[in-house]
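A quick write-up on the structure given underneath.
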Amino acid sequence: MIRLFVGLRLPAPIRAQLLALGGGIPGARWQDDGQLHITLRFIGDVDERAAEDAALALSAVHWPPVEIAVEGVGTFDKRGRIHTVWAGIRPREALAGLHRKIDQALVRAGQEPERRAYLPHITLARMNSPAEAADRFLEAHAGLASPAFTLDHFYLFESSLGHEGARYEAVERYRLDG
């Protein structure tokens, strides 16, 4: 089985800006340079045939390059325990449309449709802590912002889970060409 997702790789200066935020939350496991990305669509564990079908379906996706910026920080939690600290993206609509287009292509290739609401973000850290553990970080970085940047490719990534966390390898690259 192969664990796959579709995502965007951030430019080096943006990754450097985000990496500089690491620290300040007890128990947080900060993402490294190779882990910083924007997920467009999680696919999950598939066999080789389904992976090939997904890769082929993604090659038919046409969407213009997206101009976005990093803006703000937040958390995802479950029952009062934070599991993810993230940086936000604006404008969200630019990526929400691309997400829908990719989801439609993957459904045509036999994948189940995405059922969760899509919130474009960049995972900064993973953790399992009470919600107040990140309060200082969130307050200190509430005004996080980057200059606008344009992304003109998206990728099919393979995710390998290990002791050091997940490692992502781009297996296909697709041009955003409108």
Side-chain angles (χ1 to χ4, degrees), residues 3-24 30-44 54-76 83-109 111 113-126 134 137-159 165-178:
R3 186 175 180 88
L4 298 174
F5 70 92
V6 182
L8 297 163
R9 183 81 169 130
L10 303 164
I14 301 300
R15 295 193 316 269
Q17 179 185 7
L18 297 174
L19 289 169
L21 300 176
W30 295 91
Q31 302 294 283
D32 64 26
D33 186 68
Q35 295 170 314
L36 291 174
H37 69 277
I38 301 168
T39 299
L40 290 167
R41 172 65 155 71
F42 182 72
I43 297 172
L56 183 60
L58 292 170
S59 68
V61 170
H62 295 285
W63 196 261
V66 293
E67 184 176 30
I68 57 175
V70 175
E71 181 178 81
V73 291
T75 60
F76 294 131
H83 58 81
T84 304
V85 177
W86 50 262
I89 301 294
R90 69 169 164 78
R92 292 179 180 171
E93 299 77 24
L95 295 181
L98 178 55
H99 162 77
R100 282 190 300 277
K101 192 84 163 177
I102 287 171
D103 187 53
Q104 292 166 355
L106 291 171
V107 168
R108 284 192 298 275
Q111 294 297 311
E114 178 68 64
R115 304 235 186 263
R116 297 176 294 180
Y118 181 67
L119 175 66
H121 67 279
I122 304 158
T123 297
L124 300 176
R126 300 199 184 276
F137 178 88
L138 296 174
E139 187 176 310
H141 300 290
L144 175 67
S146 77
F149 54 95
T150 300
L151 298 174
D152 57 7
H153 290 87
F154 69 95
Y155 298 84
L156 179 62
F157 286 99
E158 181 175 351
S159 173
R167 292 285 154 235
Y168 309 133
E169 178 183 345
V171 292
E172 292 286 342
R173 178 179 169 180
Y174 305 93
R175 184 158 194 72
L176 292 171
D177 58 8

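As the structure is a prediction and not an experimental result, all values here were calculated from the model.
Between Glu158 and Arg167, the closest side-chain pair of non-hydrogen atoms is not below 4.5 Å. Between Ile43 and Gln111 there is a side-chain heavy-atom pair separated by less than 4.5 Å. Within the 4.5 Å cutoff, no side-chain heavy atoms of Glu67 are placed close to those of Pro65. Looking at Pro11 and Leu151, their side chains come closer than 4.5 Å, going by heavy atoms from C-beta outward. Between Tyr174 and Val6, the closest side-chain pair of non-hydrogen atoms is not below 4.5 Å. Looking only at side-chain heavy atoms (C-beta outward), Phe149 and Ile68 come within less than 4.5 Å of each other. Counting heavy atoms from C-beta on, the side chains of Leu106 and Arg41 come closer than 4.5 Å. Side-chain atoms of Arg3 and Phe42, non-hydrogen and from C-beta on, do get closer than 4.5 Å to each other.
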**Q.** Verdict with supporting geometry, Leu18 and Leu144, side-chain contact (heavy atoms from CB on, under 4.5 Å)
**A.** CA-CA 9 Å; Leu18 297 174; Leu144 175 67; 4.1 Å; yes

**Q.** Residues Leu58, Phe154; criterion side-chain contact (heavy atoms from CB on, under 4.5 Å); working and verdict
**A.** CA-CA 9 Å; Leu58 292 170; Phe154 69 95; 4.1 Å; yes

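Within the model, atoms CD of Gln104 and NE2 of His99 stand 9.5 Å from one another, a figure rounded to the nearest 0.5 Å. For the atom pair CH2 of Trp63 and CD1 of Ile102, the computed distance is 9.5 Å after rounding to the nearest 0.5 Å. For the atom pair CZ of Arg173 and CG of Leu156, the computed distance is 14.0 Å after rounding to the nearest 0.5 Å. To the nearest 0.5 Å, the span separating CG on Leu21 from CD on Gln31 amounts to 12.5 Å.
The side-chain contact (heavy atoms from CB on, under 4.5 Å) with Ser146 is formed by just one residue from the set Glu71, Arg90, Gln17; it is Gln17. Considering Ile38, Leu10, Ile122 as possible partners of Val70, the one that fulfils the side-chain contact (heavy atoms from CB on, under 4.5 Å) test is Ile122. Residue Leu8 forms a side-chain contact (heavy atoms from CB on, under 4.5 Å) with just one option from Thr39, Asp152, Leu95, and that option is Leu95.
Residues Tyr155 and Ala170 come closest through the heavy atom pair CD2-CB, 3.8 Å. Looking at every heavy atom in both residues, His62 comes nearest to Asp177 through ND1-OD1, 3.1 Å. Nearest heavy-atom pair across Arg92 and Leu119 is CZ-CD1, 3.4 Å. Heavy atoms only, all atoms of each residue included: Thr84 and Arg126 are closest at OG1-NH1, 3.8 Å. Closest approach of Ala109 and Ala57 over heavy atoms only: CB-CB, 3.6 Å. For Gln35 against Ala166, the heavy-atom pair with the smallest separation is NE2-O, 2.8 Å.
A donor-acceptor pair under 3.5 Å is absent between the side-chain atoms of Tyr118 and the main chain of Gly97, judged by distance alone. Under the 3.5 Å distance criterion, the side-chain polar atoms of His37 are left unmatched by any main-chain donor or acceptor of Arg9. Although no hydrogens or angles enter the test, the distance criterion places no donor-acceptor pair under 3.5 Å between the side chain of Glu114 and the main chain of Arg100.
In this structure, Asp32 does not pair ionically with Arg15, as no charged nitrogen and carboxylate oxygen lie closer than 4.0 Å.
Taking the six-membered ring where tryptophan is involved, the planes of Phe137 and Trp30 are tilted, since the angle between them lies from 30° to 60°.
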